[in-house]
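All remarks here apply to the structure that follows.
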Amino acid sequence: MQAHERLPELGRRERPPVPDGPYIVLGLGEAGRAAAGALARTRGSEQVLAFDHRPDVVPKRVRRALRKLGVRTHLGSPEALLDLPPAAATMIRSPGVPIDAPLVREAIGRGIEVIDEAELGWRLAGAPIVAVTGTNGKTTTATLATAVLSSSGIDARLAGNADIAPALSAVLGEPDLIVCEVSSFQLEACPALLPEAAIFTNLSHDHLPRHGTMRRYGEVKRSLFLKDGEAVPLAVVDTTEEFGQDLARHVERGGGRSVRVGTGPDCAYRIRRARWDLRSAELVLDTPDGRLEIETRLPGQFNARNVAAVVALADSLGVRRRDVVDTIATHPGAPGRFEHIDCGQPADVILDTATTPAAVEQFLTSVQAGMDTGGRVRVVLGVLGGADPEQRREMGGIARRNCDELLLTAGSFRRNPPLQALEGLVAGAMAVPGAEVSIIPDREEAIAAAFRGMAEGDVIAVLGRGIVVESIHHRKLDDRGVLSRLARSPVGLDEAAIRELDMEVEQGGVGR
């Protein structure tokens, strides 16, 4: 039985066909590789040219896989790319490529249709799609929603986030339903994408270098819910902020159904109470079916909002309440999001992917509220270089004000890492009063320093990378592995432990 037969709210909508080829796939990260593979399978490999201007970031295994599919590749300079035969009719853009990039502008000027990989995946997908968007909380909400829907017997697949799930165009088989995380970067080039259901989590000051203004950023997010006056049939909208309230009203004016969640009196799913420690939370929600008490392993007010959205979606789709409650109570959350590393150490060691000012503040205030009295919060913060300089400064200040000891470091494990992002964090931290600050560019050394002198009741939090794995001189390093090794032997950085870590990472990661 298909999802639309079990879930009458979610009948699959008709979708436009995939544009005609030949195709240029722009960018060979996870999304670009997925798009190239999908087009090769469905439209013929001879129709596909895959391009990336950074040959050094396209691994040999990826090049071999594309050759095996019969896909042509062009790595390096984009000069004359659009003139290569056969002449391209459609460009599939990876989300990391801005919509105003010179090559994209040139393609549009030549009449080449440009769409994002997410738009391609949506047009190819045979299953209904629940799309999740917002500045923060997308991954947690999408992951939890997938687990809850799967608990009721639905074949629900998670897609759209490269660090935990495949890109949308890479989903194979015939699932009942796809839950897809969708970012504003993707939505820039999704002219027709209108899912069967969508969740909006929040909108905060993020990605402004990409979108220019909050108004433009909001318009891009809104486009997932409204296309040419038509609204998504079912929208679960967090209306805690004004943007969400306005979005819910516009969905209803467009003929869709909006289910409001949050803390306001107009919310159908209203958070009455949220209490938590570092490992669990108890929530009380007002719902259309009465008051609901629910336990979760996801601490913090921001996670209470994520949970409320998932409950509202599940109720709207007819999932049994018992399945919802049981799954939320036991689900560990998304990898790299408030993830505890437990190896017998006296302190709580937590890994989180927070890379925006709002995410850093939400995480640290939740940690402080959930701690026992007397403990110290030690934060290791280092972000990859893509963050906006102003946001890096803001993150540094927020971190210093919300911890007891702040260790600022690089976002990379390289021995000579780029320091531009670190400089912004330092400038922001030094501009405000607060915690003791140390600057340790080497990320492994910074994490090791946080363990020295730790005591029971302390929290060591490592922010900025999550579970991103980096290959350094034949070693595969990530925060989770380094934390796990140090938690077992806080003073040890010996070669035997390093070899053990490398084996664990090769086998799929450690710690959760």
Side-chain angles (χ1 to χ4, degrees), residues 18-19 21-78 81-82 84 88-99 101 103-104 107 112-125 129 139 142 157-173 175 178 180-183 185-190 193 335 384 386 466-471 476 478 506 508-509:
V18 173
Y23 306 94
I24 290 178
V25 175
L26 185 57
L28 287 177
E30 294 287 344
R33 300 198 296 261
L39 289 169
R41 290 192 305 271
T42 61
R43 297 299 185 271
S45 58
E46 72 284 353
Q47 293 273 300
V48 186
L49 172 64
F51 169 76
D52 201 301
H53 73 281
R54 306 157 301 166
D56 56 314
V57 303
V58 183
K60 290 181 180 178
R61 60 177 175 79
V62 172
R63 303 182 196 193
R64 289 194 297 267
L66 291 172
R67 283 198 299 270
K68 187 175 181 180
L69 285 172
V71 172
R72 295 171 297 138
T73 59
H74 184 88
L75 305 177
S77 171
L81 176 69
L82 300 182
L84 293 177
T90 301
M91 175 180 284
I92 310 297
R93 187 208 65 155
S94 297
V97 181
I99 195 68
L103 191 58
V104 176
I112 296 172
E113 185 169 359
V114 177
I115 63 172
D116 190 87
E117 177 276 331
E119 175 86 12
L120 172 69
W122 172 72
R123 296 190 189 198
L124 288 172
I129 289 177
T139 302
R157 308 279 182 87
L158 180 64
N161 188 311
D163 73 352
I164 64 167
L168 181 55
S169 61
V171 175
L172 302 176
I178 301 171
C180 184
E181 178 179 339
V182 183
S183 74
F185 289 7
Q186 293 169 303
L187 290 170
E188 287 179 321
C190 290
L193 170 59
L384 296 169
I467 59 173
V468 176
V469 178
E470 193 171 12
S471 295
K476 290 187 175 181
D478 68 348
E506 289 280 4

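We number each residue from 1, following the sequence as shown. A quick note: this is a predicted structure, and the numbers were derived from the prediction, not measured.
- The backbone N or O of Val97 lies less than 3.5 Å from no partner atom in the side chain of Ser94, so there is not a single donor-acceptor pair.
- Taken to the nearest 0.5 Å, the CG atom of Leu168 stands 8.5 Å off from the CG atom of Leu124.
- Atoms CD1 and CG, on Ile24 and Leu84 in that order, are 7.0 Å from each other to the nearest 0.5 Å.
- The minimum heavy-atom distance linking Asp116 with Phe185 is given by the pair OD1-O, 4.2 Å.
- With sequence neighbours left out, Glu119 forms a salt bridge (charged side-chain N to carboxylate O under 4.0 Å, His left out) with Arg123.
- The two residues Ile99 and Val104 come nearest to each other via the heavy atoms O-CG1, 3.3 Å.
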When the side chains of residues 71-78 are checked against the rest of the protein, which donor-acceptor pairs come out under 3.5 Å, sequence neighbours left out?
residue : atom : partner : partner atom : Å
Arg72   : NH1  : Pro85   : O            : 3.3
His74   : NE2  : Ser77   : O            : 3.1
Ser77   : OG   : Glu79   : N            : 3.1

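- Under the side-chain contact (heavy atoms from CB on, under 4.5 Å) criterion, Ala35 pairs with Val25, Ile92, Glu117, Leu120, Ser169, sequence neighbours left out.
- Not a single donor-acceptor pair under 3.5 Å links the side chain of Arg93 to the backbone N or O of Leu26.
- Atom CD of Glu113 is separated from atom OH of Tyr23 by 9.5 Å, given to the nearest 0.5 angstrom.
- Residues meeting the side-chain contact (heavy atoms from CB on, under 4.5 Å) test with Ala107, sequence neighbours left out: Leu82, Met91, Ile112, Val114.
- Checking Thr139 against Glu181 by side-chain atom types alone, a donor-acceptor pair falls below 3.5 Å.
- In terms of heavy-atom proximity, Gly160 sits nearest to Gln186 at O-NE2, 4.3 Å.
- By the salt bridge (charged side-chain N to carboxylate O under 4.0 Å, His left out) test, Glu470 is found to be paired with Arg465, residues two or more places apart in sequence or in another chain being considered.
- Side-chain contact between Cys190 and Ile115 is absent, with no heavy atoms from C-beta onward closer than 4.5 Å.
- The line from CZ of Arg157 to SG of Cys180 is 13.5 Å long, rounded to the nearest 0.5 Å.
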Contacts table for residues 42-51: side-chain donor-acceptor under 3.5 angstrom, sequence neighbours left out:
residue : atom : partner : partner atom : Å
Thr42   : OG1  : Ala38   : O            : 2.8
Ser45   : OG   : Leu69   : O            : 3.3

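- For Leu158 against Pro166, the heavy-atom pair with the smallest separation is O-CD, 3.6 Å.
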Distance-only donor-acceptor hits, side chain of residues 53-66, under 3.5 Å, sequence neighbours excluded:
residue : atom : partner : partner atom : Å
Arg54   : NE   : Asp52   : OD1          : 3.0
Arg54   : NH2  : Asp52   : OD2          : 3.1
Arg63   : NE   : Val58   : O            : 3.1
Arg63   : NH2  : Pro55   : O            : 2.6
Arg63   : NH2  : Val58   : O            : 3.3

